[in-house]
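Written out below as structure tokens is the structure these notes cover.
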Amino acid sequence: MTAFPSPDSTHTDSHSKIEERLQVEYLLNPNLASETEDGKDIIFGLTQPQKSLSPRYFYDDRGSQLFEQICELPEYYPTRTEAWILQQYATEVAQMTGICELMELGSGSSTKTRLLLDAYQGLGYPLRYVPIDVSAGILQASAKQLLADYPALQVHGLVSTYELALQNLTPTPLPSRTICFLGSTLGNFNQIECDHFFSQITTALEPGDYFLLGIDLQKAKDILEAAYNDTQGVTAEFNLNMLRHLNWRFQGNFDLSLFDHQAFYNTSDAQIEMHLYAKRSHSVRLDALDLTVHFTEGETILTEISRKFDLEQMQQYLTKQRLKPLQTWTDPQHWFALLLCQMLKS
Ligand code: AVI
């Protein structure tokens, strides 16, 4: 994980009228993040019997654009299903939390957040939004758009990893805080990462604060596999783009034409697995990491897991974390769920 900010890596913007309601803090120093920490996990991942790379390497500028396109695909149901649930129930969420600061982990374009902001605004509540994202560009652009559309909104953005942001939370001026973790991003964590994530969440939240979680639920294999093997090939491009990203970031020579996208549902582990499949035996060099990797024909790199959850098990797990599920909303087909939890006293 990246180091804490040095004095010159933390600064605050406040210029024009919109800017007066916008504060952006940089907890992440991109120069520190590149060749040190990132490189180590790549070397580790590419030298294990099952090669793997962290899904965070999907998200360079091109990867973030491709992900936005994925969210619009007919086969990729999670985004529109979660948006439908929010459209139906955001007012209930706001009524249950009362006045609170909305903090969003991995805020991206903040599209679904608007449904929540509309609900809080509709109830006449003050609007304070804390988006957290590693991409300063997306965070700034979406915050400015929100500020233009919501004249009473205050935004305090954090350019940060989840970990750093949760470690550096300052008290909110509002009566409580709701941390939102939408889009089933939780599904991209393995169980160890998931446990670690929740220990950070429950350390950051005060008793009485809220946690709003969006999760993708278990369903028929063909629906799941179609969502990660779209007919337009956008998901394949998203997957292969990780190699392009590593090429420019670590002076690599991955030949994208030597790999195929592969995504399948592993029923016993209840997870989609995305791999990059080597079509023939060859070697790849990453100069910046002084690393040469050999691929045999048919060998794969695991680039992502996307776990699909059982609602009851998740409710039990959250309860064990001292996050009491207050309400669960789902769509008519039970494909996706939104859970509002409240932090209990220890
Ligand atoms: C970001 N995350 C929740 C997406 C998912 O469905 O696991 C990433 C993704 N990978 C391929 N398509 C979408």
Sidechain N-carboxylate O distance under 4.0 Å for [X], [Y]:
X	Y	result
R62	E237	yes
D60	R249	no
E19	K144	yes
K51	E299	yes

Parallel, tilted or perpendicular: ring planes of F197 versus Y162, cut at 30 and 60 degrees: perpendicular
Aromatic ring pairing H282/F295, orientation class (parallel under 30°, perpendicular over 60°, tilted between): parallel
Distance from [X] atom [atom1] to [Y] atom [atom2], nearest 0.5 Å?
X	Y	atom1	atom2	value
L182	L86	CG	CG	6.0 Å
Y228	N239	OH	CG	12.0 Å
L217	T330	CG	OG1	5.5 Å

Exam field: side chain D133 to backbone L139, donor-acceptor pair closer than 3.5 Å: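 It does not hold such a pair.
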Inter- and intrachain pairs under salt bridge (Lys or Arg N to Asp or Glu O under 4.0 Å), touching residues 270-290, at least two apart: D260-K279, R285-D287, R285-D290
F198-F181 aromatic ring centre distance below 6.0 Å: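 Aromatic pair excluded; centres sit 6.0 Å or further apart.
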